Structures are given as C-alpha cells and as structure tokens.
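This is the structure, below, for whatever I ask next.
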Amino acid sequence: MNLIKGQSGFLLVEAVVVIVVISVALVAMLGMFIQSLQATANAADYTVAASLVQEQMEQMKIKDELFWNSLSFPYQSAAEFISMNKATYTRTTQAELSPLDPEYPVKQRIIKVTVNVEWLGAPKISMVTYVLRELPQFAN
C-alpha cells in the first residue's frame with residue numbers, strides 16, 4: 001500500500017485501543033451507577049423504617065391511662081408485619097419499668113419504651129423514650 005505524503009489517518013490498532021479504553025470507562029461508570037441505585041434503595045428502606053418507629057413511638061406516647069393501667073411489666077407487643085416499598089418490616093414494642101426509676105412508694109413510675117423495626121438484610125432500628133405515668137398498681 002502506497003502512502004501519499006502528508007496523508008494522515010488512524011490505524012486499526014489505534015481504533016481498537018480507543019474502543020477498549022472507552023469500554024473500560026463505561027463499565028466502571030455502570031458499576032458506580034448500580035451502586036448508587038442500591039444505596040438509594042437502602043436509604044429508602046431506612047427512611048421507611050425510621051418513620052415506622054417514629055409513628056409507633058408517637059402512638060405509645062398518647063396512649064390513655066386505661067392502657068397503661070392494664071399493662072403488666074415487662075410488656076412486649078405482638079410483632080406487626082408491615083409491607084411497604086416491596087419490603088416487609090417487622091415492628092415490635094417493649095415497655096418496662098426503667099432502671100432509672102427510684103421505686104419510691106408513689107404511683108408515678110418512669111417507664112422505658114422501646115420500639116424496634118427490622119427487615120430482611122438490614123440491622124434493626126430502635127428508638128427509646130421514657131415516659132412518666134401514674135400507675136395505680138404501684139399505689140401504697
């Protein structure tokens with residue numbers, strides 16, 4: 001093959017090298033894209049779990065005196081199964097007399113309330129609060 005002076009162009013080897021470099025870059029970018037999608041899905045699961053914990057905690061705070069008076073401590077609710085965003089969450093609630101409670105001979109008691117949410121492939125999310133309630137079962 002005769003080359004004309006001043007003629008420029010690409011060789012087949014150069015074209016193959018460019019295709020390989022671009023392919024490697026695209027595969028790396030695709031991997032990062034997949035990881036970001038997984039991170040977004042995990043963040044969505046954690047957000048749902050946190051809102052389920054907060055919702056139950058607020059429900060426990062507004063329970064009436066009849067509920068608290070009828071409890072025997074330690075209390076554990078039955079597991080609730082909640083399906084959202086293609087995941088099933090398990091929510092449990094515990095209430096116990098707090099180790100901070102001085103156990104004075106009065107009706108008021110410090111109650112430790114714990115709400116847990118678990119779902120497949122993730123650690124459990126917990127929230128703890130303390131409530132002060134008059135409990136007639138502890139009256140003098």
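Basis for what follows: all heavy atoms, side chains included, without hydrogens, waters or symmetry-related copies. Predicted, not measured: the structure shown is a model, and the values here were computed from it.
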Heavy-atom closest contact (Ala49 atom, Val117 atom, distance): CB-CG1, 3.8 Å
Over 12 non-hydrogen atoms of neighbours within 6.0 angstrom of CG in Leu120: no
Pair Glu118 + Lys124, salt bridge at N-O below 4.0 Å: no
Closest non-hydrogen atom pair between Leu52 and Met84, with its separation: CD2-SD, 4.3 Å
Point-to-point distance, once rounded to the nearest 0.5 Å, from CD of Glu96 to CZ of Arg109: 14.5 Å
Donor on one side chain, acceptor on other, Glu58 and Gln54, under 3.5 Å: yes
Side-chain donor or acceptor of Arg133 paired with backbone N/O of Trp68 under 3.5 Å: no
Separation between CG of Leu97 and CG of Leu71, rounded to the nearest 0.5 Å: 10.0 Å
Smallest separation among heavy atoms of Asp45 and Tyr89, with atom names: OD1-OH, 3.2 Å
Side-chain donor/acceptor of Ser77 to backbone N/O of Thr93, under 3.5 Å: yes
Qualifying residue, where the test is side-chain contact (heavy atoms from CB on, under 4.5 Å) with Val113 and the options are Lys61, Met57, Gln56, Lys63: Met57
Side chain to side chain, Thr47 and Ser51, heavy atoms closer than 4.5 Å: no
Interatomic spacing from OG1 in Thr90 to CH2 in Trp119 - rounded to 0.5 Å: 11.0 Å
For Tyr46 against Pro123, the heavy-atom pair lying closest together: OH-CD, 3.2 Å
Reference residue Val18; test side-chain contact (heavy atoms from CB on, under 4.5 Å); the match among Val21, Ile22, Val20: Ile22
From Asn42 atom CG to Gln35 atom CD, the distance as rounded to the nearest 0.5 Å: 11.5 Å
Ring geometry between Phe67 and Tyr75 (parallel below 30°, tilted from 30 to 60°, perpendicular above 60°): perpendicular
Side chain proximity check, Lys112 to Gln94, heavy atoms < 4.5 angstrom: no
Linked, directly or transitively: Leu132 and Tyr130 (ILVMFWY side chains, under 4.5 Å): yes
